[in-house]
Structure formats: structure tokens, C-alpha cells
Asker: 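Pasting a structure here, questions to come.
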Protein chains: 2
Amino acid sequence: MPHADPAGLIAARGGRVTRTRTAVLAVLFDAGRPISHDEVGEALDARGVSHDRVTLYRTLDWLVGHDLAHKVAGPDRAWRFNAAREGGHQHAHFQCEHCGKVFCLESLQPAIAATLPSGFRLGRAELTFHGLCPACPGAAASEARNPVAP
Amino acid sequence: MPHADPAGLIAARGGRVTRTRTAVLAVLFDAGRPISHDEVGEALDARGVSHDRVTLYRTLDWLVGHDLAHKVAGPDRAWRFNAAREGGHQHAHFQCEHCGKVFCLESLQPAIAATLPSGFRLGRAELTFHGLCPACPGAAASEARNPVAP
DNA sequence: GCGTTTAATGCAACAGTGTAGCGTTAGCGG
DNA sequence: CCGCTAACGCTACACTGTTGCATTAAACGC
Ligand SMILES: [Mn+2]
Ligand SMILES: [Mn+2]
Ligand SMILES: [Zn+2]
Ligand SMILES: [Zn+2]
């Protein structure tokens, strides 16, 4: 989504259009995949934008709270943030065991058939694949398809 | 699994049978669900066993590394540890959004049909349900069944 | 443009989780 | 019982994220 308008989106949610906020959202749009707080900071450096740690955390939280971004857990217990797409956040994710990158599998439409034990009330399901991403080397090349046991 | 023999299992893996190690494994067996490092520490207190933080971390790692326990991510980016059952660790998990407890859904046999995009090599799939556990109160009572969109 | 309001920022201090080094203790094999 | 060394316990540290509070600056009405 290269031509999104960060400032406009932020203003539309009633937030103040600040340099950090627009820059962070622009970074998320450009990243194309969920990136960590730290990666956002580096991208801000490259754009010559200040990046106080706390402000950055708060900015990312604000974006998530206003549906402009979503966050997904990474393999190293650090959140990854991604610019929100239309239609919520209904897709699986992939975590690379080698480089730690996280990818949204938006094209993937997995079918999960399951019935929870009695008493458990379902909010949402989260499906995460672990393995090696296209950019990483590695021996086991199981590009296997269904079915997959969790 | 109330009658497992921690000491025997530890010895069988070639590890030294220490007080901490056997106590930790016994705690995991008794817990019945994946518990955090901190919860293990509390349980050790109740049994009058020392629980140096670092030793506890290393003990848990050792148990995981020798297939006597497995760890699963919690909602608060702290690992939860569970005594390992036979047949690896092929099941989904449930995270309660209210109390933070994690449950293994061993009885659940979800079928996931999916084909990863080209270049991604699959290691394993991880299916996690989020919602409210039987012990927690809450409004939304969707004990819904399949299909579920992640 | 110029004040006023207050959302957002920047800084310091802190909490929680997990790791690295290293000297000491104790499990186990002889 | 002895000796070897795995495991322990302690200190110090890294990383992720939060809280409090004084300061700055975005928005708005004039
Ligand atoms: Mn996503
Ligand atoms: Mn499990
Ligand atoms: Zn990779
Ligand atoms: Zn609960």
C-alpha cells in the first residue's frame, strides 16, 4: 500500500498530526511486514526523525488503538507492528526461525475445524507457522501443503 | 499424570538427580497446565525448596532440552512450561484473556488446510485460541464451533 | 499572526523477563 | 571416602515495556 496518506488517516481519527506519528505510520506502510519497535526506530533514524523510546512505544500503541496498525507477537517476545489493512486482521502469520522476521499471510485462507472443550469461550483464533522464510538458507525444505498438525 | 517419577526420568536422560530438578518436574506434573517461571517458583516455595531465579531458568531449559517439558508462549511474553506428554507436542493451546492462564487442548484435533506461499519452508504450525477460560467470568459467551477464522 | 488549551513529547526512573560469568557446592562413579 | 565436574547460587547485565511529570507544540478561536 504505497500511496496511503498517514497524516490524513491520523487526522481522521481525531489525533494530532505530529511529525513522529506520521513518520511512524509511513514507516509501517513502507515496511510491508510487521516490524519491531527497534526496526521502526532504525527506519526513523534513516529519515532523520527523532525517536525517543517511550514516545515511540506510545505512538505505536496509539496507532494500534485507533485501528491504524496491528501488533503480532514475534519469536523473541517483542511485538511486531504492521500498518492495518482493511477488513480487520483475519489471517495467519509466519515466523522465520532463522532471521526472526514475521510475515502476514494475507493471501492464505486456512480452514480450521475445531470444537473447544466445554466452558471455554472463544474470542479469536491465531494461527502461526514457523519455519524458514524465502530469504533465509536452510537444509529442511518442506514446502509441504495440507494438512498441518499444530 | 499423577504418578510420574521425576527422579527416574531425569536419571534416564543422563542428568544429575538434584533436589531442584526433581521438585520442578514434580511441580510441572502436578500443575496440569503450562505455568510460568514465577508460578513454578511459588510452587517450590510451598514445598520448601530453594528457588534461585537463574537456577530455575536453567532447570526449566534443561527439562525442555531433554524432552521432559515443553514451553509455550504466554499472553504476557513470558514462557509457560508444561510436563511433556508422550508423542511430542502436537496440539493447540488456549490463552485466557482475563486471567492469563494457558491450557493445552490435547483432546482437540484441529484440521488445518493451508498452502504456504512459495519460498516459505514449514517447520511447524501453532494454533492458539484466545478467549475466556471456564473459571473466568465474562459477558461474551461464544462457545462457538467451527469454522474459525484466524 | 497571536494567545490559549491540552495532547503529545522527552526525560528519568522503574518493573519484569531472561542471560552471562564465575566461584562454590554437591551428585555420582570409582 | 575421594575426585571430578555438573549443577548451583550469586552478581551483574541486556532487553522490552511502563509510569510520572515537566516541557513542547498542534489545533483552534480570535
Ligand atoms: Mn498480520
Ligand atoms: Mn501444550
Ligand atoms: Zn528468514
Ligand atoms: Zn481465565
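A, B, ... follow the sequence lines: proteins, then strands. Residue 1 opens every chain. Source: prediction; values computed, not measured.
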Asker: Between D/dC15 atom P and A/Tyr57 atom OH, what is the distance in whole Å?
Answerer: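 Distance, rounded to whole Å: 11 Å.
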Asker: Under the 3.5 Å rule, do the base of D/dG9 and the side chain of B/Arg58 count as making a donor-acceptor pair?
Answerer: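 Result: at least one qualifying N/O pair found.
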Asker: Looking only at the side chain of A/Trp79 (C-beta and beyond, no hydrogens), which of the listed nucleotides D/dG17, D/dG9, C/dG18 gets closest?
Answerer: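 For the A/Trp79 side chain, the nearest candidate turns out to be D/dG17.
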Asker: Kindly point out which of D/dT18, C/dG18, C/dC28 is positioned nearest to the side chain of A/Asp61?
Answerer: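 Given the options D/dT18, C/dG18, C/dC28, the side chain of A/Asp61 is closest to D/dT18.
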Asker: Between A/Ser36 and D/dT16, is there a contact of a side-chain N or O with OP1 or OP2 at under 4.0 Å?
Answerer: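 No, because none of the side-chain N or O atoms of A/Ser36 sits under 4.0 Å from OP1 or OP2 of D/dT16.
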Asker: Describe, in one word, how the ring planes of B/His66 and B/Trp62 are oriented to each other, choosing from parallel (under 30°), tilted (30 to 60°) and perpendicular (over 60°).
Answerer: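 Parallel, since the angle between the ring planes stays under 30°.
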Asker: Report yes if some heavy atom in the side chain of B/Cys133 is under 4.5 Å from a heavy atom in the side chain of A/Phe120; otherwise report no.
Answerer: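 Yes - at least one pair of side-chain heavy atoms lies under 4.5 Å apart.
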Asker: Counting side-chain heavy atoms from CB outward, which of D/dG9, C/dT19, D/dG17 is closest to B/Asp52?
Answerer: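 Closest of the options to the side chain of B/Asp52: D/dG9.
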Asker: Is A/Glu126 reaching over with its side chain to a backbone N or O of A/Val72, donor-acceptor style, under 3.5 angstrom?
Answerer: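 No, because the side chain of A/Glu126 does not come within donor-acceptor range (under 3.5 Å) of the backbone of A/Val72.
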Asker: Picking from D/dG17, C/dC11, D/dC10, which would you name as closest to the side chain of A/Ala78?
Answerer: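 Selected nucleotide: D/dG17.
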Asker: Pick base, sugar-phosphate or nothing for A/Thr18, based on heavy-atom distances below 4.0 Å to the nucleic acid.
Answerer: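 If one applies the 4.0 Å heavy-atom cut-off, A/Thr18 turns out to touch the sugar-phosphate alone, with no base involved.
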Asker: What is the separation between atom CH2 on A/Trp62 and atom P on C/dT6, rounded to the nearest whole Å?
Answerer: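 In whole Å, C/dT6 P and A/Trp62 CH2 are 19 Å from each other.
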Asker: Tell me: CG of B/Asp76 to P of C/dA15, nearest whole Å?
Answerer: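 Between P of C/dA15 and CG of B/Asp76: 18 Å.
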Asker: Tell me the interatomic distance from B/Lys71, atom NZ, to C/dT17, atom P, rounded to whole angstroms.
Answerer: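 Interatomic distance, NZ of B/Lys71 to P of C/dT17: 14 Å.
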Asker: Between A/Glu39 and A/Lys101, does at least one N-O distance fall below 4.0 Å, as a salt bridge requires?
Answerer: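 Looking at A/Lys101 together with A/Glu39, the answer is no, because their closest N to O distance does not fall below 4.0 Å.
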Asker: Indicate yes or no: at least one non-hydrogen side-chain atom of B/Pro75 is less than 4.5 angstrom from one of B/Val102.
Answerer: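 Side-chain contact under 4.5 Å: yes.
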Asker: Hey, can you tell me if A/Tyr57 and A/His37 have their rings parallel, tilted or perpendicular (30° and 60° cut-offs)?
Answerer: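 A/Tyr57 and A/His37: parallel rings.
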Asker: Look at the side chain of A/Val54 and decide which nucleotide, out of C/dT9, D/dG20, D/dG17, has an atom nearest to it.
Answerer: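 Nucleotide nearest to A/Val54's side chain: D/dG20.
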Asker: Quick one: is B/Arg53 getting a side-chain N or O under 4.0 Å of the D/dG9 phosphate, OP1 or OP2?
Answerer: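 Checking B/Arg53 against D/dG9: no side-chain N or O falls below 4.0 Å of OP1 or OP2.
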Asker: Could you check whether the side chain of B/Arg16 and the base of D/dA6 have a donor-acceptor pair of N or O atoms closer than 3.5 Å, going by distance alone?
Answerer: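 Such a pair is found, so the answer is yes.
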Asker: Report the residue (B/His37 or A/Gly14) whose heavy-atom-nearest nucleotide on DNA chain C is the more 5′ of the two.
Answerer: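 So the residue in question is A/Gly14.
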Asker: Verify the contact: side-chain N or O of A/Ser50 to OP1 or OP2 of C/dG10, cut-off strictly under 4.0 Å; return yes or no.
Answerer: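 For C/dG10, OP1/OP2 do have a side-chain N/O of A/Ser50 under 4.0 Å.
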Asker: From CZ of A/Arg19 over to C1' of D/dA27, roughly how many Å is that when rounded to an integer?
Answerer: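 For the pair A/Arg19 CZ and D/dA27 C1', the rounded distance is 19 Å.
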Asker: Take the protein atom CG of A/Leu60 and the nucleotide atom P of C/dT9, then report the distance between them rounded to whole Å.
Answerer: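 Going from A/Leu60 (CG) to C/dT9 (P), I get 11 Å.
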Asker: Just the rounded figure in Å: distance from C1' of D/dC15 to CG of A/Leu56.
Answerer: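 The distance from CG of A/Leu56 to C1' of D/dC15 comes to 15 Å, rounded to the nearest Å.
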Asker: Quick check for you: among D/dC10, D/dG9, D/dA27, whose closest atom lies nearest to any side-chain atom of A/Val17?
Answerer: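 Between D/dC10, D/dG9, D/dA27, the one nearest the side chain of A/Val17 would be D/dA27.
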Asker: Whole Å only: how far is the CZ atom of A/Arg80 from the C1' atom of D/dC15?
Answerer: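 Value for this atom pair: 13 Å.
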Asker: Taking 4.0 Å as the cut-off, does a side-chain nitrogen or oxygen of B/Arg21 come that near to OP1 or OP2 on D/dA7?
Answerer: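 Answer yes for this pair, as a side-chain N or O of B/Arg21 is under 4.0 Å from OP1 or OP2.
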